[in-house]
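All values reported here derive from a predicted model rather than from experimental measurement.
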Amino acid sequence: MSQSKAANFRLAQGNEPVSQPDMDGKDTQDMSTKKVAIVADMGESFGNYTLGNDKELLKFISTANVACGFHASDPRVMDATVAACVEAGVDVGAHPGYPDLVGFGRRLIEASEEEIRTDVLYQIGALDAFARTHHMKITHVAPHGRMGSIAQTDPVHARAITDAIAAYDPSYAVICQRGVLAQEAQKRGLKVAYVFLADRGYGEDGWPVSRHHPNGLLHDPKRVGQRAAQVVTKGTVETVDGKTIELGHPADVLLLHGDHPQVLENGISVRRGLAAASVEVSSIAEVLAARDPVDAFSL
């Protein structure tokens, strides 16, 4: 871990270190330490409209999903967001969505497979232009909103998204949940980083419940942090009905939604929960490299 990134991995309150490098710049934690990446959706402002608190979020995350101008963002916001991530030592990934600024990419767009593929390719290329000018390489792609959720079960969306990624740069990881998108990514030789939505309620099927569900969003930061540590260390999650279930796949990435009203409190709690459980916050590349090759997961 670089010195700049290690300096960033500190809790906002008390400036307590989560991971300290030794004099050679190497982590002193044992190689068997659990690793997880923390990601947040960023750069989702547009023109004169500001959404989220990106500056504060950079204190808690190891990587960012940056909006690419379709569901949110614009060239100025993209440029500033990438620059801020570079300064903070935070990795950058593309967060493509439907062309739906009004609905924030959360409405279904009846698009063909070719439209989805080229829209995703366009957005990856746009963000990559800004990343290159700041001497950074994109590390992953995380489909946004309705496009991403539909791709978990719809082969047309899954093929289109993964075709675009594989054609542009097959070294990019795909952040997603279990399902068809993960399967199509693996068919194309793409790395898959399984995401757990740290601030969302889950059902007995192992999927997040609707945002409209009374417990669709978690509003107790302490619980968000405790649950994040439980998912990473035990592979289980408590559902909205109070039952404990096996998640069924590794938790490589914990996602904090930037538009959550308590996102900063959630970030503090997640970092504290992981530190208490001796979980190291790392980049996606480090997490995937450390994953046990026989770590079973069901799709």
Side-chain angles (χ1 to χ4, degrees), residues 32-39 41 62-63 65 93 140-155 157-159 161-162 165 173-211 213 215-218 223-257 266 270 273-274 277-282 284-299:
S32 63
T33 299
K34 284 275 190 179
K35 298 177 185 286
V36 71
I38 301 180
V39 65
D41 301 339
S62 59
T63 190
N65 297 332
H140 67 276
V141 177
H144 167 79
R146 196 68 180 274
M147 174 189 283
S149 63
I150 291 177
Q152 311 299 336
T153 57
D154 177 46
H157 278 71
R159 286 196 306 264
I161 292 169
T162 52
I165 298 169
V174 182
I175 292 183
C176 61
Q177 299 175 76
R178 60 183 171 85
V180 178
L181 180 57
Q183 293 171 346
E184 291 296 328
Q186 291 168 333
K187 286 180 183 178
R188 288 155 180 76
L190 301 171
K191 297 183 292 292
V192 174
Y194 290 95
V195 64
F196 178 78
L197 310 187
D199 49 20
R200 291 284 302 277
Y202 274 68
E204 291 186 39
D205 58 359
W207 290 81
V209 299
S210 168
R211 281 177 170 264
H213 188 283
N215 295 314
L217 282 179
L218 303 186
R223 169 125 180 78
V224 171
Q226 292 172 338
R227 197 178 67 151
Q230 175 184 342
V231 165
V232 176
T233 59
K234 299 181 179 179
T236 62
V237 62
E238 185 176 330
T239 71
V240 294
D241 297 319
K243 298 180 180 179
T244 299
I245 62 169
E246 296 283 342
L247 190 59
H249 59 75
D252 300 311
V253 181
L254 299 174
L255 173 66
L256 295 171
H257 286 94
N266 289 341
V270 167
L274 295 176
S278 299
V279 176
E280 179 184 340
V281 178
S282 304
I284 291 175
E286 292 169 334
V287 171
L288 295 181
R291 184 200 284 170
D292 187 337
V294 299
D295 196 357
F297 49 85
S298 57
L299 299 173

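Contact record, L247 with G206: CD1-O, 4.3 Å, taken as the closest heavy-atom pair. Heavy atoms only, all atoms of each residue included: C176 and V192 are closest at SG-CG1, 3.8 Å. For G148 against P143, the heavy-atom pair with the smallest separation is CA-CB, 3.7 Å. In plain terms, the two heavy atoms of A37 and I284 that are nearest each other are CB-CG1, 3.8 Å. Taking every heavy atom of both residues into account, I161 and A151 meet most closely at CD1-CB, 3.7 Å. Here the closest non-hydrogen pair linking T233 and A277 is CG2-CB, 4.0 Å.
Taking N266 as the reference, D199, P221, V224, L256, H260, Q262 meet the side chain to side chain contact (heavy atoms under 4.5 Å, CB included) condition, with sequence neighbours excluded. D252 pairs by the side chain to side chain donor-acceptor pair (under 3.5 Å) definition with R291, not counting sequence neighbours. Checked against side chain to side chain donor-acceptor pair (under 3.5 Å), R159 has the following partners two or more places apart in sequence or in another chain: E113. The side chain to side chain donor-acceptor pair (under 3.5 Å) test applied to Q230 returns T236, not counting sequence neighbours. Partners of V195 under the side chain to side chain contact (heavy atoms under 4.5 Å, CB included) rule, at least two apart in sequence or in another chain, are I175, Q177, L197, V253, L255.
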Run L254 and L274 through side chain to side chain contact (heavy atoms under 4.5 Å, CB included) and show every step you take. CA-CA 11 Å; L254 299 174; L274 295 176; 3.9 Å; yes
Please evaluate residues L218 and R227 with respect to the criterion side chain to side chain contact (heavy atoms under 4.5 Å, CB included), reporting the C-alpha separation (whole Å), side-chain torsions for both, the decisive distance (0.1 Å), and the verdict. CA-CA 11 Å; L218 303 186; R227 197 178 67 151; 3.4 Å; yes
One pair to check against side chain to side chain contact (heavy atoms under 4.5 Å, CB included): K191 and V174. What are the steps and the verdict? CA-CA 6 Å; K191 297 183 292 292; V174 182; over 6 Å; no
Determine whether H140 and N65 satisfy the following criterion, side chain to side chain contact (heavy atoms under 4.5 Å, CB included), listing intermediate values before the conclusion. CA-CA 8 Å; H140 67 276; N65 297 332; 2.7 Å; yes
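Between the side chain of T239 and the backbone N or O of Y202, no donor-acceptor pair lies under 3.5 Å. Counting only distance, with no hydrogens or angles, the side chain of T63 and the backbone of V39 share no donor-acceptor pair below 3.5 Å.
At least one side-chain heavy atom of F196 sits less than 4.5 Å from a side-chain heavy atom of V237. With a 4.5 Å cut-off on side-chain heavy atoms, H257 and D41 count as touching.
Put simply, the residue from E184, K187, R188, Q186 that forms a side-chain hydrogen bond (donor to acceptor under 3.5 Å, both in side chains) with T162 is R188.
Applying the salt bridge (charged side-chain N to carboxylate O under 4.0 Å, His left out) test to residues at least two apart or on different chains, the pairs with a partner in residues 233-251 are E204-K243, R223-E238.
Interatomic distance, NE2 of H157 versus CD of Q152, reported as 11.0 Å (0.5 Å rounding). We find the CD-OG1 distance between E280 and T33 to be 6.5 Å, quoted to the nearest 0.5 Å. In this structure, the separation between CZ on R200 and OG on S210 is 7.0 Å, given to the nearest 0.5 Å.
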